[in-house]
Amino acid sequence: MKKYIKFLAVFVLILAVFFVIPKAKSDIKPYYAGEAINFQNKIIFGTANMGVLEIFQLENGQIIKKSVIKSDDDRYINFSDLIFNIENNRLYIYATNGRYLYKYDATYLDSLKLIKKIKDNSWDWFHALSKTNNRIVTIGTQGLKLWNYDPDIINSYDIHSTQSKNIGVSNGADFIYKLNEDKFQVIDGLFRNVVAETNIAIKDDHIRHMYNDEVNGGIFVVDDSTLKRILFDGSYFEFRHISDYGYDVDGVDGSEYVYFSDGIGVVKIREADMAPVDWIYTSQLGDGNGWAMGLRVVPHQYGEVIIVFNGSNILALDNNLNLIAYHQAQESEMIIVDPLSLRVDKYWGWGGSYVYVYGKGFGFNEEVEVKFVNERYEALTNKDGSFSIRITVPHKKCGKYDIKATGLVSEKTYSVSYEIVR
């Protein structure tokens, strides 16, 4: 035991150095949170910890980075959170940069497409995203808001927590559960009153993902002392872990097991008796600078896959907590979005000739409408928000006319003058 305590103390010191001391000429940040999903039997996960959306897929025992997306906004340049959702057999990614809620079609990860970008006109600032019954939930300065697929707001709750991610919504939104300082609270979704409350042990106020098993019943939360399975009447069962920290707990509804992270590693727990079944120390996995924080469990045909956001790396574990693969944090692949601009290869021509139009600064994989007098064309931008298209000069009387490009989602627009001659 003394040996273990000594190890823990030394490791926490190393961790403090890793996270607190600035790294010269580097923008590497720790992985501490993210989301994961099984889509068409593919394990897909992502994070916004670097300020960009990094989207990964577990393929043939390897973690492959499929996309990196930067906010297209000139003022709110960093994404803060994302969530996956399956709608009508298509995969979507919702993301926020605080001011806007973005919706990407991610059915094909190699060619994500921006299809919606909206803001709340009440000036809500979105801190985090969640979901219930496949409906997206924003968590912001004005509390919780429930959205449909359009997306439009269909309900709101003036409920807040010291950590925006520490709020969950039951399927059907009958109950909201949250961590509030040293209390776990269950709130009635209709009347907004607290119906149950449980004390928890909190030494450090940080993100703690809670898991509500809608099939077996009970909400699981890990504090800095125990993993608790809390029932809606406030009663609970618990398992005392050996770390001084607790982070995330997750599982698959109806499964026998849940998994939680406590900094030093991941523990597998049997729900029926809250007994530990297996565990793994993650500090030396990957590049050897791990600290297990964010954790998501994804069902798979070969058994549950556990994605761990482990400080300097992201881990993929099987349901026996064996390492499948890892991705090491790197210099963030920042995509530089050029200022909005439009140009042509020549600025005059006659009717029936061709002109090439080049645009920059639009949204990632966004459809752009190009109009020249009464003629309309559609172009698709690349991952840098740029496009090129060849259009035909209309047969009009001599004079100057505008060629106008408009992003169909971002609503960004830019015009350039063109002279029709002869």
Heavy-atom count check: over 12 atoms from other residues, nucleotides or ligands less than 6.0 Å from [X] [atom1]?
X      : atom1 : value
Tyr149 : OH    : yes
Asp152 : CG    : yes
Gln62  : CD    : no
Asn374 : CG    : no
Arg376 : CZ    : yes
Lys116 : NZ    : no
Tyr236 : OH    : no

With a 4.5 Å limit on heavy-atom distance, are the side chains of [X] and [Y] in contact?
X      : Y      : result
Leu285 : Asn313 : no
Leu129 : Leu101 : yes
Leu380 : Glu378 : no
Arg343 : Val416 : no
Asn85  : Tyr94  : yes
Phe39  : Phe84  : no
Val169 : Ser130 : no
Lys70  : Ile77  : yes

[Y] versus [X], side-chain donor and acceptor atoms under 3.5 Å:
X      : Y      : answer
Asp205 : Thr162 : yes
Ser156 : Gln142 : no
Tyr76  : Trp125 : no
Thr141 : Asp124 : yes
Thr282 : Asn310 : yes
Asn97  : Ser71  : yes
Ser225 : Asp223 : no

Electrostatic pair [X]:[Y] at N-O distance under 4.0 angstrom:
X      : Y      : result
Lys113 : Glu367 : yes
Lys131 : Glu35  : no
Asp345 : Arg390 : no
Asp248 : Arg296 : yes
Arg99  : Asp73  : no

| query | Does the side-chain contact (heavy atoms from CB on, under 4.5 Å) test come out yes or no for Arg229 and Asn216, once each step is laid out? | reply | CA-CA 11 Å; Arg229 179 184 183 183; Asn216 295 334; 4.0 Å; yes

| Do His300 and Asn38 pass the side-chain contact (heavy atoms from CB on, under 4.5 Å) test, and can you show the C-alpha distance, the side-chain angles, and the key distance before you say yes or no? | CA-CA 7 Å; His300 192 264; Asn38 182 321; 3.9 Å; yes

| field | Partners meeting side-chain hydrogen bond (donor to acceptor under 3.5 Å, both in side chains) with Arg270 (sequence neighbours left out) | value |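 Testing Arg270 for side-chain hydrogen bond (donor to acceptor under 3.5 Å, both in side chains), a comparison that skips the adjacent residues, returns Asp273.
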
| request: Please round to the nearest 0.5 Å and tell me the distance separating atom CD1 of Ile219 and atom OH of Tyr177. | output: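 So the gap between those two atoms works out to 5.5 Å.
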
| Which value, rounded to the nearest 0.5 Å, describes the distance between Ser161 atom OG and Ile167 atom CD1? | 5.0 Å

| message | Going by the rule side chain to side chain contact (heavy atoms under 4.5 Å, CB included), which residues pair with Val409 if we only count those two or more places apart in sequence or in a different chain? | response | Leu114, Lys117, Glu366

| query | Who are the side chain to side chain contact (heavy atoms under 4.5 Å, CB included) partners of Asn322, not counting sequence neighbours? | reply | Asp318, Asn320

| said: According to salt bridge (Lys or Arg N to Asp or Glu O under 4.0 Å), does anything in residues 177-194 pair up with another residue at least two apart or in another chain? List the pairs. | reply: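 Residue pairs passing salt bridge (Lys or Arg N to Asp or Glu O under 4.0 Å), neighbours aside: none found.
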
Check: [Y] main-chain N/O paired with [X] side-chain donor or acceptor under 3.5 Å:
X      : Y      : result
Thr138 : Phe126 : no
Asn166 : Arg208 : yes
Ser261 : Met293 : yes

| query | Checking side-chain contact (heavy atoms from CB on, under 4.5 Å) for the pair Gln163/Ile207: CA distance, chi angles, key distance, verdict? | reply | CA-CA 6 Å; Gln163 293 285 339; Ile207 295 174; 4.0 Å; yes

Under 6.0 Å between ring centres, would you say that holds for [X] and [Y]?
X      : Y      : answer
Tyr102 : Phe79  : yes
Tyr245 : His206 : no
Phe372 : Tyr418 : yes

| field | Sole candidate of Ile43, Ile306, Ile37 that passes side-chain contact (heavy atoms from CB on, under 4.5 Å) when paired with Val298 | value |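 Per the side-chain contact (heavy atoms from CB on, under 4.5 Å) rule, the option paired with Val298 is Ile43, out of Ile43, Ile306, Ile37.
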
Which heavy-atom pair separates [X] from [Y] by the least distance, and what is that distance?
X      : Y      : answer
Ala379 : Phe387 : CB-CD1, 3.6 Å
Asp213 : Phe220 : CB-CE1, 4.3 Å
Pro30  : Asn49  : O-CB, 3.7 Å
Asp224 : Gly246 : OD1-N, 2.9 Å
Asn171 : Thr132 : CA-OG1, 3.3 Å
Phe362 : Gly407 : CE2-N, 3.7 Å

Validation: residues 249-259 side-chain donor-acceptor distances under 3.5 Å, sequence neighbours left out:
residue	atom	partner	partner atom	Å
Asp250	OD2	Val297	N	2.9
Asp253	OD1	Tyr211	OH	2.8
Ser255	OG	Tyr257	N	3.2
Ser255	OG	Glu304	OE2	2.8
Tyr259	OH	Glu304	OE1	2.6

| How far apart are the C-alpha atoms of Gln301 and Asn41, what are their side-chain angles, what is the distance that settles it, and do they pass the side-chain contact (heavy atoms from CB on, under 4.5 Å) test? | CA-CA 7 Å; Gln301 61 179 343; Asn41 208 35; 2.6 Å; yes

| Considering residues at least two apart in sequence or located in another chain, which fulfil the salt bridge (charged side-chain N to carboxylate O under 4.0 Å, His left out) criterion with Arg90? |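 Residues passing salt bridge (charged side-chain N to carboxylate O under 4.0 Å, His left out) with Arg90: Asp105.
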
